[in-house]
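I have placed the structure first, in the form of structure tokens, so that the comments after it can refer back to it.
Both backbone and side-chain heavy atoms feed into the values below; hydrogens, waters and symmetry mates do not. When a ligand or atom number is given, it counts from 1 through the structure's own listing order.
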Amino acid sequence: MKTYRIAAIPGDGIGIEVVEAGLQVLAALAERDGDFTLDVERFDWGSERYKRTGALMPKDGADQLRAFDAIFFGAVGAPDVPDHLTLWGLRLAICQPLDQFANVRPTRILPGITSPLRGVDEGDLDWVIVRENSEGEYAGQGGRSHRGLPQEVATEVSIFTRAGIERIMRYAFEVARSRPRKLLTVVTKSNAQRYGMVLWDEIAREVAADFPDVTWDKMLVDAMTVRMTLHPKSLDTIVATNLHADILSDLAAALAGSIGVAPTGNINPTGRAPSMFEPIHGSAFDITGKGIANPIATFWTASMMLEHLGQPHTAATLMRAIERVTADPALHTPDLGGTARTDDVTRAVIDAVRGRND
Ligand code: NAI
Ligand code: MG
């Protein structure tokens with residue numbers, strides 16, 4: 001019997017509510033399948049800790065996480081703490097040292113969920129967005145001078161390295177190859193950005209030579225928003241820089257029905273450090289404490305984590321349970337236009353997990 005050590009970091013706001021729901025579902029799956037157990041340790045890292053101690057997590061926080069097989073993360077962000085402090089103090093403070101350089105965001109229209117796009121149904125939108133997660137526009141290079149003076153200046157420097165681009169391209173081509181359509185779209189902005197984005201394009205072409213079985217094309221990021229909206233079926237796997245993919249994946253989540261159903265994995269493909277799985281949404285203070293957060297994104301996240309840990313059968317069982325539940329409009333939370341509560345959806349997914357025997 002395998003035991004996986006999971007670090008659970010619920011964080012702030014609805015992060016706490018959805019991670020709790022996710023852990024209940026994971027426990028039900030472990031009980032059902034019986035071939036693995038989860039040893040879960042919870043960390044109280046987040047904005048409350050920041051207000052109490054001045055730090056979102058301990059100095060050696062990222063190192064403490066190295067001992068785990070995976071990290072199950074909620075969301076971070078509070079109304080009374082600046083967002084750049086919470087993001088850099090916790091989420092990026094984990095992703096960067098653990099070198100989780102590939103952010104993987106599957107998006108598709110789940111059964112029972114309506115896309116805001118007219119005439120686009122289940123099967124018409126089935127994408128995986130691969131986001132470069134270690135450099136680019138979020139490399140953390142820059143500064144501010146002459147604060148408060150009329151000549152105040154701020155720089156925010158994008159960093160594109162050959163090593164960084166090549167590893168994300170290879171990863172994206174591998175993902176494309178693993179999917180039935182073997183189709184990759186490389187997003188760029190190499191008409192306006194003449195250096196980093198041109199290097200990005202050149203390396204895409206070089207790496208493509210090693211993947212003759214993958215069909216690939218190139219899109220400028222602005223035109224990409226149009227293609228995603230008007231021709232969703234023409235896309236399959238997508239690779240883009242840190243900033244571009246951040247924006248495109250929120251668009252993708254909205255086109256697939258709600259940000260409340262969208263999962264992601266921050267992957268270190270080398271396996272030298274644990275990967276981190278989280279819903280893509282934030283802490284949603286507008287609905288915190290109301291019991292109506294959609295836990296589906298977190299359940300899908302849990303399925304990605306199980307797959308990554310080496311439990312593909314359990315991951316698939318969970319995905320089928322999720323699809324059964326989303327197919328029933330009575331189990332939709334308000335973000336999907338329904339009246340169900342977090343607990344109702346969680347209970348239904350657990351029942352579906354327990355009821356199935358395949
Ligand atoms: P958000 O994702 O928290 O919320 C955007 C909107 O979507 C809100 O109306 C919210 O109620 C709704 N929503 C989000 N998740 C939902 C769910 N599971 N069920 C139902 N409705 C849901 O983004 P926002 O409002 O821009 O940011 C709030 C805080 O979260 C900020 O502090 C921000 O920095 C942080 N944030 C953290 C992220 C992370 O930890 N990875 C990602 C995005 C934002
Ligand atoms: Mg985002």
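Annotation: the span from Leu235 atom CG to Leu183 atom CG amounts to 7.5 Å, rounded to 0.5 Å.
Close approach of ligand 1 to Glu278 is summarised as follows: ligand atoms under 4.0 Å from at least one heavy atom of the residue are 41 (N). If you number the atoms of ligand 1 from 1 as listed, the ones under 4.0 Å from a heavy atom of Ser283 come out as 3 (O), 29 (C), 30 (O). Atoms of ligand 1 lying under 4.0 Å from at least one heavy atom of Ala293, given by number and element, are 19 (N). Here is the list of ligand 1 atoms found below 4.0 Å of a heavy atom in Gly260: 17 (C), 18 (N). Near Ala75, with a cut-off below 4.0 Å to any heavy atom, the atoms of ligand 1 are 40 (O).
Not a single heavy atom of Ala297 sits closer than 4.0 Å to an atom of ligand 1. In this structure, Ile14 has a heavy atom closer than 4.0 Å to ligand 1. By the 4.0 Å heavy-atom criterion, Ile280 is counted among the residues contacting ligand 1.
Between the side chain of Ser115 and the backbone N or O of Leu255, at least one donor-acceptor pair lies under 3.5 Å.
Selection from Asp250, Val81, Asp286, Ile296 by nearest heavy atom to atom 10 (C) of ligand 1 gives Asp286. Across the listed options Leu90, Asn294, Asp83, Val76, Asp83 owns the non-hydrogen atom lying nearest to atom 34 (O) of ligand 1. Of the candidates Leu85, Ile287, Thr342, Ile9, the one placing a heavy atom closest to atom 21 (N) of ligand 1 is Ile287. For atom 2 (O) of ligand 1, the nearest non-hydrogen atom from the set Pro295, Pro334, Gly282 comes from Gly282. Here the shortest heavy-atom distance to atom 20 (C) of ligand 1, taken over Thr288, Asp335, Leu336, Val345, belongs to Asp335.
Salt bridge status for Lys182 with Asp236: absent, with no side-chain N to carboxylate O gap under 4.0 Å. We find that Asp44 and Arg52 are joined by a salt bridge, their nearest charged nitrogen and carboxylate oxygen being less than 4.0 Å apart. Salt bridge annotation for Arg167-Asp99: present, with a cationic side-chain nitrogen under 4.0 angstrom from a carboxylate oxygen.
The distance criterion of under 3.5 Å between nitrogen or oxygen atoms is not met by Gly77 with respect to ligand 1. Considering backbone and side-chain N/O of Thr86, none are found under 3.5 Å from N/O of ligand 1. The N/O atoms of Phe73, backbone and side chain alike, include none that comes under 3.5 Å of an N/O atom in ligand 1.
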**Request:** Give the intermediate values and the outcome of ring pair (Phe, Tyr, Trp, His ring centres under 6.0 Å) for residues Tyr4 and Phe72.
**Result:** CA-CA 12 Å; Tyr4 302 110; Phe72 193 49; over 10 Å; no
**Request:** Given side-chain contact (heavy atoms from CB on, under 4.5 Å), test Asp344 with Arg347 step by step and report yes or no.
**Result:** CA-CA 5 Å; Asp344 302 326; Arg347 213 173 310 113; 3.9 Å; yes
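Taking 4.5 Å as the limit, every side-chain heavy atom of Glu323 sits out of range of all side-chain heavy atoms of Trp300.
Between Trp200 and Phe160, the ring-plane angle classifies as perpendicular under the 30° and 60° cut-offs. Between Phe211 and Phe173, the two ring planes are parallel [angle under 30°; tilted spans 30° to 60°].
Counting non-hydrogen atoms of other residues, nucleotides and ligands closer than 6.0 Å to CD of Glu41 gives a total above 12.
Under 4.0 angstrom from ligand 1, the non-hydrogen atoms of Ile259 all belong to its side chain.
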